[in-house]
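Data block below; observations after.
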Amino acid sequence: MNAIVALCHFCELHGPRTLFCTQALHSPYPTSMQRPHSMSSSIALDSDTLCGVGNGLGARCEEGLVLQSEGDVDKGLQMRQTASKGIVPQASDMCEGCQSLPAGHCGFVSRDTESGIVYVSQQLPTRPELCEMLRQGCVRSLSCEVYEEHVGPVFFGDEQHGYVLTHTFYIRDGLARGLRRLYSLLMLMADRTFLVSCWPFLLARLRCLIEELQTRANAVFEAEQAEVGQRALRMNSAFAPGAARSLSSLTQHHDLWAAMHTSFTWLLKACASRLTERCLEGAPTEDAIVKMEKQLEREEEARLRAHSLADDGEHVAEGNKFESTTPGDSTKTLTSLSEGHEQMLPSCPLPGEGSWGPSEGGFQSLRHLRQVLGPAWFRVVAWHVLLGNQVIWRGENEALIRSAFVLLETLLPSGCVRTIPYSKMYQDAYRCNFLGIESRVALPPHITASELYVLVDIRTRRTAEACCLGAGMEKENVSWDNRDTKSRNERALLWRSCEFTVSWGCPGIPEHGPMVLNKLEAALENESLSTAVVERCLICLKEEWMNKVKVLFKFTKVEQRSREDTHRLLGLLGAQDDANVRLLKFWVTGLSKAYRSHLLTASRATANS
Amino acid sequence: MASTLFQKLFHKRAASSPALHWSDAEPCWPECSFDGSQIRLIIYQECERRGFQPLFDSSTVRFSQKENGNILVEGDAEVVKGLGCSPQKLSSLPTEFVPKHQCAQSVRVGSDVKMLGEMMFGNVAMSFKGSTLKIHQIRSPPQLLLSKVFTLNTGGSTSLSGSSSSSLLTESFECTSSGLTSSHSFPFLNTNALLQERTRGFLSFSCGRKCSSVQALQADSLGLVRSASFFAAQSSPLDMPSRSGREDGDSGIARFASLTSLKVGSPSSSLPNIGSFNRRFIRSQNMSLNSALISKRSTEENFFTSDGSCGANPSRIRQKRIAIGIIFSLSESQEEGRKFEEFFFSHFLLIEGHLNCLRAAVEQAILNCRKIRVPVQCSHMHLQKIMDSLYQFRCSITDLYVQPRLAQPAWLAMSSTCSHKSQICLHLLQSLNATSELSHNQFLPALLSAVLTHHLAWVSTVMPSGHVPFSNFTQKHSSQALDMLARSHPYNPLWAQLGDLYGCLGCPFKMARVVVIGSQQNVVQQVLYALSYFIRCSEVNENKLELQGPGLLDPEDYCSNIITSFEPGEVEQSEYVVVTLQRHLESCHQHLALHKRRTNAKLQTGLESKLADSLHFSSACGCTDDRTTGWDTLSSSGSDANSLSIKSSSLPTEASIKQMAHDLGDVSAEAKREKTTVPQRSFRALCDQGEEASAVYQSFLESGEVSRSSLPNHQIDKLSLTEAISVKHRNSPQGSRKVKFLIGCSLSPDSDMESHTQRLEETLRPLSFKVDANGYRSTVQQERNEYDENLCTTDKAKTESCNMIRRLPSFAGGNSLFDEYFDDYDNFETKTFHNIPIEQCCCEEVKPVPVGTTGLEVPQCAAVPTDGSEACFEQTVKNTNTCTSSDPHLNQRTLEPVNAPKLSLEEERSLDMEIPRNESSDSALGDSDGEEGVSCRNRRHVSPQQVELPLPRCNIVEAHSSNNLSSFGKSMFGGFCPRYVPDLVLQGIPSDVGLQERLLEDLNHAVQHPVLEEPVAEAVCVLADSERWTVQLMSSQRRGLDTQRLTKDVLVSSLVSHILHSTLQLWKLGLPADFCVMHLEDQLQEIFRKSQMLAEYLKGNERVRVKELGAVLGIEASDLPLLTAVASTHSPHVAQILL
């Protein structure tokens, strides 16, 4: 807790004094932030006006002061200010009664390594402002707020001097005036509501501490009285108050201050942790869970991969067989205008376009991809992506294909993504829905016969002219840096060297694609939306539909409802038409295992109960 | 299968339909009895010469009334009855009774007036003229006195016109008073359009101010804005000239702020719940002792202008201080009294808000009296006004305390208990369903839209968390970042909770509450229950804490299972305290690992395992045996405590360290490294004015690390100690003056010294013997009886465990430092090489060098102030010598074989860096030359380190929330209350007669006296009428409203409407309730996502094209208020654009 706990004493000779205080020092950084390590090293070793670590002693050491009385609260501030000028406090300002730690003792420290809080005890705090606040609190607790022998808890304070909860008490001392001395325990805070809310707890603890002190002091007192009855003595003779005695001698507790430190530290710590707040935050996203699951699977796969290597070799040979097969009848080919530039600059990092852009050459964003392919073809590709058909990109340029996959993958929940970015041969659809293959690889006939694929062929014009042009362009504009600002035409120029051909199996793309696709296209088309907005939009769309997927999964797989019910449900979800249903069905496969098992076990539990 | 499931479900549903009533059975709010008459108001005025003078005492007013006649007694009784939560006079104040007080004024005051006045003003006049707050607890009769002393601006309200807020304040209270003289409850709001204008002006002013500051600072988050302005305010007064060269605390925070702004800027930040995290962290920063006061002063001036700080203004010379005191008479029954106290202290935020209101009313009444030059005591009007505001105060407090609460707020219940979860879900859906079926229209969607728009705490509960706990992932879990924050930067969780409840999360801050109106209690309660799921807050638990470790003086008082402290020792008066150090051990584990990594020292595995064993062992024993010795007091024969501690002026220099190293030849590299680096580190840390908490903190951290880093050094050959000392004595290259103080040197004239040394030798010898023989126990007990029985009796393995358990140094003992050292040495290796050598010896051992060589600088310094300090000086030197002589040898002996070859490259480099300096000083050791003196002077600033004590352990015994008085979580959710209760976040009331006027006043009050101590831009109240099925919004900000209507209709968000629809439909399709609620949460998360999208959109677009939003992003116009509000919690720039 950001507070100071202190023990104060009303000295018969010197008035209210702070004897001992403990404060908590907090890191200026929240723990979840990394504390810059430079901090310690950047502290310069500059001047002579340095101060001691947790106390002002350093400055005084410099001037060779021997401060017998640190408890000189009245002059504490002054002394600090004048310390560098070498003003020596008067010996008359000190007495044992208003002093806790012996001169030169630097106090106590406890460290809470867990939270990084350091608890420091000294006679007075280091900072003059705090000294002043504490002095104020001390004076008020021992004089201003004491009425008619009233000892007990008082809370007082103001904005300027902080807020103080204090408890005054008497300690018996046979040699003191009235056979007792007035002390107070106080806690100083800036946060008054926090302090007030701690009142019941704090008070109980302070009272315990006080009782303990008093019990000990009483024992000492009784013992002393047994020897010399002060009361009787004083009745007979004029009383002159003797030398003030320290609290540790009044209680015969030689480790009093160490014990005080521990007690105060505990108080500070306990007050801070007495009330704990529990804030709930949302469950992690499906994507996050899936990623974690994939991470776990990856190790497994790594082992499996070793086994599958042998099989791969066979597939390569097989794949070559189909190389020359022509695409099916329904395949449409369109040629995108392109010449000249073959620029897959793996060396030149791209300007960041959010998390969209691949880190090396290739497609920059979905919008870019859409521009390069043309809206119609993009729609075809996206349609296949969203519905879970295999998307095959064939070409020589691996980086380009990879960049396309990075973008296209974002269309799907990550649980639905299985990518083989570049392979020497065809891979089956169950292994991957994104497949990049070398240009010489042909698709096997059962694929070309099916409807469930889309093939993007990239052909590079390898004319010398094109290369020159590409190279030239590469030099003349630091090409990729300011790509965003370029017009469409310019952009198209960059891709002149590439020729894209999209072919797919099914007879035609239905006009009513899944809703996700329609909305995405609208967003991509609207140039006024930045890439980041489109990204956010896509996240929203995915999340919205994943939520529908969850419902559908629960409904059909867990509860196993009838077709009719399911139809009603789909109506409710706004996903009645075929494309949406297909999308949902595909996306169900992307649900994380954890989620599935959770639902299944939950339903089993309810069924049992 | 499906059909059976259906049957099951339906059957279940039918069976559980009584669940609607199930929650009503469980009491959430304890039965409280409290009466308005238990609140007494006294007002004093401080006169410059005559002390203080009572102006008003509510107890006497009532007393005189009773004397005066039947009618008045009746009226009074009725008032009292109304206060005591009787169901009559529900919705509005029975103002018709107020005028009766007019004739019943009395100047008589109670008998305790003098004492109370003294308590309120203090018996010594304070120079501070600002507003102060006090709370006294009076034992008999049990009372709580809450008082506020403030300066009255006798210049009158005209002189206040410079400040908008105070003039507003003044105005509003003038209005209040004029309103109250007429028979209407609160007519002033209808009549006084001027006030409304002013309010608006003020609000726009404050908003504008905030916005401009936002722009000026280019700040990204509201939190940042606040913190940034706070830096601006703070930096000037604290700016110290010597600070220029280095980082200070401010910039540290500023750096954090900029970090945060970066994080906030990208909503996909890894920090979860950035909004609430930020808010809490900034609160803890603002409320830290180091920074709070200055920053608060600046805000205070803006929002409580009349709250003092007028002393600076010379034009206001005539100041009178007024004290208002509220006395809460507690019930004689202890239980009741305790309950009220608990309520009082935990709900102080709210109570103080009401006190401020009352204060303002009193202030106004007194000022008015001044204006018409009537003595305050005689003024009927004044009395009436004060009685009226007192009446309101009583009502508010009593109602807040006694009114019924919602039995089980759905969200809190669901987040706290797992067992009932499905039941709660079921109940929630039933409530939602029933309400939506009853209302037949857009009532529920509109209500939810309004609630979700204004009570924004739900946002952080749907934000996906950054980390993925694999188990139980589908459920929400508590935020770890916030947990850590609460530990490292404690803030008031009650404050945070209340802020959550009021929805003070967006930007700008808005406070919101919901009132459901309807005469049908069950319908209202259904609505309330449903809403209690959407109005969310954190859960605050009170932990029962238990002290473990060295306690407050007597730990027994704190927990029963702890060890006795202070057992008398067999020898002399020695005592010891028993301590356990579990936590510390754990941390040692960590730091051991850390150390290993850092030093790259491949410790011998044997050593490691031994150490680890010892750690485990000791932690085990910490658990089983609480009586393990922690610190003990040594026999303290010579009790001159003064002279026997570490001298503060002792000067560590690397030179001496180095010298030691060379001198002794075989100091290990490890030891060297530590010794050389430590002073530098602390030096660095010391380059501080001492005012900057962060730097101070840093230094402690540093030294802590350093000392920890030396952990593995314990494995030492203990035999070496005595030898080492003697060696040291021979070798120590000290000046002539020093020599006589050397330990073991017979030249010393100080006989004490001799004996001291002898004792040292004595104690060391058995020790080494003992270690040698591995028969730790017997020797120790023979030689030094103060060992704890337990420690010794356990067995030899304990010797290792001792590593981690330290003795407290005894400061009173004649041989304190040495004893401390000795203790640690023989008993606990950790301490020896961990703290003493590093923290003290690094400082201490160094000292002889400058002393011996550089012309007795230190002795001179020490001797200058008083001749009497000679003894002290001697002791100091002696002590330092003790350290000097022993430590290096110890280190050397131990570490040489172990660590020397394992120095990493880095370390060698660091050594290299430091060695030259050291060598130069080394060479200078023998002769004193001036240059060395200079360098010594610099090094001298390394202050001696504090004595490190183990952290007392705070054990959380149980987290219990047995009663709900102690936090806002449940107390803010009202049930079906007979009348409007001002503070409740959610409540149901039977009728809205007079409600709107009352509410508006309340909302204005909330803005003027923000209970959360942060400026609030707007306070809103959602009014849901369950009879007419309408939802209205009332705001303190009356922009765009015609003067006739106080409320405006709520826009139904299509998103919310859709969510409700789909959730309820799923429910109707027979999906289990848990799943429907899960679906609901998913969809709330969608809203959050959409708000992120909107925020992103607004980044690029200054103007919002609603059409585009709708067509492309699927955001409809009706969703915009909701989405912008949500967006403002994570992306504050949204508010800037849309305001």
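Letters go in sequence order (proteins before strands), and every chain restarts at 1. Everything numeric here is computed off the predicted structure, so don't read it as measured data.
Heavy-atom pairs under 4.5 Å with chain B were tallied for A:Ser528, A:Ser249, A:Ser246; the largest tally goes to A:Ser528. Considering only heavy-atom pairs separated by less than 4.5 Å from chain A, the leading option among B:Leu1066, B:Leu494, B:Asp1082 is B:Asp1082. Looking only at heavy-atom pairs under 4.5 Å with chain B, the residue among A:Thr193, A:Val533, A:Val196 that has the most is A:Val196. The residue among A:Leu599, A:Leu188, A:Asn526, A:Thr265 with the most heavy atom pairs within less than 4.5 Å of chain B is A:Asn526.
For chain B, the nearby part of A:Leu529 is the side chain; its heavy atoms alone come within less than 4.5 Å. Of the two parts of A:Leu203, only the side chain, counted from C-beta on, holds a non-hydrogen atom closer than 4.5 Å to a non-hydrogen atom of chain B. Heavy atoms of B:His1079 lying under 4.5 Å from chain A belong exclusively to its side chain. Of the two parts of A:Leu573, neither the backbone nor the side chain holds a non-hydrogen atom closer than 4.5 Å to a non-hydrogen atom of chain B.
By the 30° and 60° cut-offs, the orientation of the rings of B:His489 relative to B:Phe281 is perpendicular. Ring pair A:Phe108/A:His261 is tilted by interplanar angle, where 30° to 60° counts as tilted.
Between atom SG of residue A:Cys198 and atom CE of residue A:Met189 there is a gap of 6.5 Å, rounded to the nearest 0.5 Å.
Under the rule for a salt bridge (charged side-chain N to carboxylate O under 4.0 Å, His left out), the partners of A:Glu543 that lie at least two apart in sequence or sit in another chain are B:Arg1089.
Across B:Asn492, B:Leu133, B:Ile135, B:Leu349, a single residue satisfies side-chain contact (heavy atoms from CB on, under 4.5 Å) together with A:Arg192, and that is B:Leu133.
The closest side-chain heavy-atom distance from A:Trp199 to A:Pro153 is below 4.5 Å.
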